[in-house]
Amino acid sequence: MESSATSAPQASGVSGEHSGQQHSVSLYLKVWGLLFVLSTLSYLVDYADLQGYLRWGLILALMVAKAGLIVAVFMHMRWERLALVYAILIPPLALLVLMALMAAEADYTFLTRLAHFR
């Protein structure tokens, strides 16, 4: 009986409290403004008529920055445990590393065959 009496107030106390994270609207407005600035910069890269690796490097860097902001703030990854962040971020990073290795291997194979079969 004693355990039921002590558990009842705890259950009602927990249901009355909000257990989620509360973030101010100003945080979301600041992130929205930063996303707007990054999108404007991305547009200006095209407007400046940049070409080659500089253009694609800037566009990709701005794209990754915008995606990182969205994941960190709007998906609340900034406030998650480090293990969950690692579980979500490490597999795509590993895929990018493996894709880069495959691209390097493909270039090596192509150049070797080109030199050998000339």
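Criterion: ILVMFWY side-chain heavy atoms under 4.5 Å apart, direct or through other members. Under it, V64 and L38 are not part of a common hydrophobic cluster.
For Y86, the ring-ring contact (aromatic ring centres under 6.0 Å, His included) criterion is met by no residue, not counting sequence neighbours. For Y43, there are no ring-ring contact (aromatic ring centres under 6.0 Å, His included) partners at least two apart in sequence or on another chain. Partners of T40 under the side chain to side chain contact (heavy atoms under 4.5 Å, CB included) rule, at least two apart in sequence or in another chain, are F36, L44. Checked against side chain to side chain contact (heavy atoms under 4.5 Å, CB included), L60 has the following partners two or more places apart in sequence or in another chain: M63. Considering only residues two or more places apart in sequence or on other chains, V37 meets the side chain to side chain contact (heavy atoms under 4.5 Å, CB included) condition with L41.
Applying the salt bridge (Lys or Arg N to Asp or Glu O under 4.0 Å) test to every pair with at least one member in residues 44-54, sequence neighbours left out, gives these pairs: D46-R55. Counting only residues at least two apart or in different chains, side-chain hydrogen bond (donor to acceptor under 3.5 Å, both in side chains) contacts with residues 26-38 comprise S24-S26. Counting only residues at least two apart or on different chains, no salt bridge (Lys or Arg N to Asp or Glu O under 4.0 Å) pair has a member in residues 84-100.
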Indicate every side-chain donor-acceptor pair of residues 97-111 with a distance under 3.5 Å to a residue at least two apart or in another chain.
residue : atom : partner : partner atom : Å
T109    : OG1  : E105    : O            : 2.9

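As a member of the Ile/Leu/Val/Met/Phe/Trp/Tyr network built from side-chain separations under 4.5 Å, L29 groups with V25.
Note that the OG atom of S42 and the CG atom of L35 stand 12.0 Å from one another [nearest 0.5 Å].
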